[in-house]
Amino acid sequence: MSNIASREYQMFPVLGAAEIAEARRFASGPERRFEAGEMVYAIGDCDSPTWLVIEGGIDVLRRDGLSREARITTHGPGQFTGEINQLAGRPSIAGGRAGDEGCTALPIDAAHLRALMIGSADLGETVMRALILRRVGLIEQGGAGTVLIGVPGSPDILRLGEFLRRSGYPYLVLDVSEDGEGKEMVERLGVAPEEYPLVVCPTGPILRRPQETELAACLGMSAQIDPDAVQDVAIVGAGPAGLAAAVYAASEGLSVVVLDCRSMGGQAGASARIENYLGFPTGISGQALAGRAFNQALKFGAQMAIPVEVERMERQDDHLHLSLAGERSLKARAVVVASGARYRRPAVEGLERFEGAGVSYWVSPIEARLCAGEEVALVGGGNSAGQAVVYLAPQVKRLHMIVRRDLGETMSRYLIDRIAALPNVEVHMGAEVVGLEGDALGGLAGATIRHNADGSLHRRDLRHLFLFIGADPNSDWLPDAVETDNRGFVVTGGPAGTGCEPLETGMPGVFAIGDVRAGSTKRVAAAVGEGAAVVAQIHAMFALNRKDA
C-alpha cells in the first residue's frame with residue numbers, strides 16, 4: 001500500500017453535523033439539486049466551486065488515458081468535492097456526476113473556501129489537507145491530467161514532464177512507437193515526428209511540441225492579471241524567498257501577485273533532499289517544500305502568475321510598473337525581487353547540444369529512473385550537489401563526482417561523511433569536464449575528465465551528466481536605478497540615516513531577497529527568513545508613506 005493510499009480517511013473525510021453547520025456559514029450560494037447522472041462539474045471547468053454533499057452522492061471521475069473515464073471515489077453526505085485547483089479557481093482536473101439517487105449539494109467557491117480556511121481553523125485544516133492529498137493521489141495514479149504523446153526519454157518529453165512535475169500537475173506519457181491510443185491519435189492527425197510530442201490538455205485542446213508558456217495557458221495555470229488594478233506587492237520569483245514573502249504578505253492582508261518565468265521552487269526545487277532545514281529531521285525534498293509553500297500562499301489569497309516572464313520595471317506616477325511577456329503589465333506599490341539565479345554552464349564545447357539529451361541541471365525522480373543501473377557523472381561541490389549525489393548513488397551502478405576544490409570548503413560536513421560512505425561514488429578532486437561526445441541519435445555518449453594536477457585525461461562512457469556548479473543572478477531585467485555589484489547581485493540597504501530599509505534597493509519601493517541579493521546567505525532557511533523580514537519592511541514603508549502624505 002502506498003503512503004497516500006493509507007491516508008484515504010484524510011483524503012475523503014466525512015464532516016459531522018457541527019462541521020456541516022460551520023461550513024454553511026461560508027457557502028457561496030443556496031443548496032442545489034442534481035438529478036441522477038447529471039454533471040455537477042466537468043473536467044476542465046474553471047471556477048468550479050467545492051460542493052458539500054447534503055443528500056445523495058457525487059461520483060468523482062478522472063480521465064483514464066485519452067478518452068476513457070475512471071471513477072476515483074463517490075462522495076456521500078458530509079463529504080466535499082475538489083482538490084487544490086478549487087482553492088484558486090483554476091480548471092478542474094477531475095469531474096463530478098450526480099450518483100444513482102441524485103444529490104443535493106452546497107457550493108463553496110474559491111473566495112469563500114479561502115475564507116473558510118482562515119475563519120475556521122480546525123475545519124480549514126481538514127479541508128486543506130484533503131485538497132492537497134487528492135492532488136498527490138492524482139499524481140501517483142498517473143492517468144489524470146495532461147497526456148504527453150511522443151518518445152519517452154526524449155528531450156521535449158523530459159522538458160514538459162519536468163515542468164508539469166515541478167508545477168505539481170499530474171500527467172501521463174504515451175509511447176508513440178507502441179500500439180495504442182497514442183499511436184492511433186498521431187496517425188489520425190497526421191503528426192510528423194518533428195512535431196512530437198503531442199500534448200492533450202484535460203480540457204481537450206491538442207498542442208504540438210508546445211513551449212511551457214503555451215502549455216500553462218492551456219491548463220489555466222496562470223492567474224489573470226488586471227493591468228489597471230494596483231497590487232500592494234508584486235513578487236518576482238517563486239523560489240523559497242519569494243514564496244515566503246507571498247505567504248507572510250497575503251496572510252497579513254496585502255494584495256499579492258507572484259510571478260516566475262519557469263515554475264515554483266527555484267533552484268531549491270531541484271534538491272532531492274534537504275536535510276538541514278529546521279523542523280524536518282528526516283529531510284524534505286525541495287519540491288515538496290515549495291509545493292507546501294505554494295499551497296499556503298494560495299490559501300491566503302495570493303495570485304500566482306506562473307510561468308510569466310517580467311521583461312522590465314519602471315516607475316510610473318506613484319506606482320511601479322512591470323512589463324510582462326505577451327504585452328501584459330501590472331502595477332504595484334512595492335516590488336520584491338526574488339528572481340534568484342540561473343544555472344551556470346561550464347565552458348565545454350557543444351554543451352548546449354546535450355542539454356535535455358543527457359545533460360541536466362537538476363536531479364528529479366524522472367532523471368533517476370532514466371539512469372538507473374548506469375554509470376553517471378555529477379559536477380559540483382556545494383550542498384545541492386551533495387544532496388543530489390546521496391539521492392542518485394543508491395540507484396546507479398557508479399557515480400563520478402567531479403570537483404575542483406576540497407569538499408570541506410564548500411559542503412556541509414554531514415554530506416561529506418555520507419558521500420564518503422557510499423561504495424559506488426568516486427570523487428575526482430581537482431578535476432573538470434573538458435569534452436563531451438554524442439551518439440548517432442544526438443544523445444550524450446561520453447565525457448572526458450581532466451585531472452588538473454598532472455593534466456591527465458580520462459574518458460568515461462556516460463549517458464547522463466549532472467551539473468551543479470552554482471548560478472549567476474537573474475538581475476538583467478532590472479533598471480539602472482537598482483544597483484548591482486560587479487557580479488550582478490542586487491545591493492540593498494542604503495547608508496545610515498537615509499531611511500532605506502535593510503532589504504530595500506536604491507530604487508524606492510523595490511526590495512531584494514534570497515540568492516539574487518548581494519551578501520545573502522545561500523541557504524533555503526536564510527531565503528525564507530528574508531521573505532518574512534521583507535514584509536515587515538514593506539509595512540514600515542507603507543506606514544511612512546501614509547505619514548508623509
Any heavy-atom pair between the side chains of Tyr169 and Asn85 that's under 4.5 Å? yes

Classify the side-chain pair Ser154/Asp156 by whether it contains a donor and acceptor separated by less than 3.5 Å. no

What heavy-atom pair brings Lys331 and Pro227 nearest, and what distance separates the two atoms? CE-O, 3.7 Å

Are Ile419 and Val427 side-chain neighbours, meaning at least one heavy-atom pair lies under 4.5 Å? yes

Scanning both residues in full, the closest heavy-atom pair of Val233 with Ile235 reads CG1-CG1, 3.8 Å

About how many Å separate CG of Leu330 and CG of Leu259, when rounded to the nearest 0.5 Å? 5.5 Å

Below 4.5 Å, heavy atoms only, C-beta onward: do Val127 and Leu116 meet side chain to side chain? yes

Do side-chain atoms of Asp485 reach the backbone of Phe489 as a donor and acceptor pair under 3.5 angstrom? yes

Table please: side-chain donor-acceptor pairs of residues 280-297 below 3.5 Å, with sequence neighbours left out.
unit_1	atom_1	unit_2	atom_2	d
Ser285	OG	Ala288	N	3.0
Gln287	NE2	Arg166	O	2.5
Asn295	ND2	Gly291	O	3.2

Angle class for the Tyr343/Trp362 ring planes (parallel below 30°, perpendicular above 60°, tilted otherwise)? tilted

Taking the side chain as C-beta and beyond, is there a heavy-atom pair between His539 and Leu254 under 4.5 Å? yes

Verify the distance criterion only: is there a donor paired with an acceptor across the side chains of Ser520 and Lys522 at less than 3.5 Å? yes

Output for pair (Arg398 CZ, His400 NE2), nearest 0.5 Å, gives 6.0 Å

Pairs meeting criterion side-chain hydrogen bond (donor to acceptor under 3.5 Å, both in side chains) with involvement of residues 300-317, two or more places apart: Glu314-Gln316

Working to the nearest 0.5 angstrom, can you tell me the gap between Ile402 CD1 and His458 NE2? 11.0 Å

Within the 4.5 Å heavy-atom criterion, are Val510 and Val490 side-chain neighbours or not? no

Checking salt bridge (Lys or Arg N to Asp or Glu O under 4.0 Å) against Arg342, which of Asp515, Asp472, Asp476 comes through? Asp476

Around Glu409, counting heavy atoms of other residues, nucleotides and ligands shown, do more than 12 lie under 6.0 Å from its CD? yes

Closest non-hydrogen contact found for Ala334 with Ile538 is CB-CG2, 4.2 Å

If you take all heavy atoms of Met411 and Ile416, which pair is closest and at what distance? O-CD1, 3.6 Å

Does Glu83 pair with Arg135 as a salt bridge, N-O distance under 4.0 Å? yes

Parallel, tilted or perpendicular, judged at 30° and 60°: which one describes the rings of Phe466 and His464? parallel

Atom CZ of Arg165 and atom CD1 of Ile139: how far apart are they, to the nearest 0.5 Å? 9.5 Å

To the nearest 0.5 Å, what is the distance between CG (Asn452) and CD (Glu432)? 4.5 Å

OG1 on Thr146 to CG on Leu219, rounded to 0.5 Å: 4.0 Å

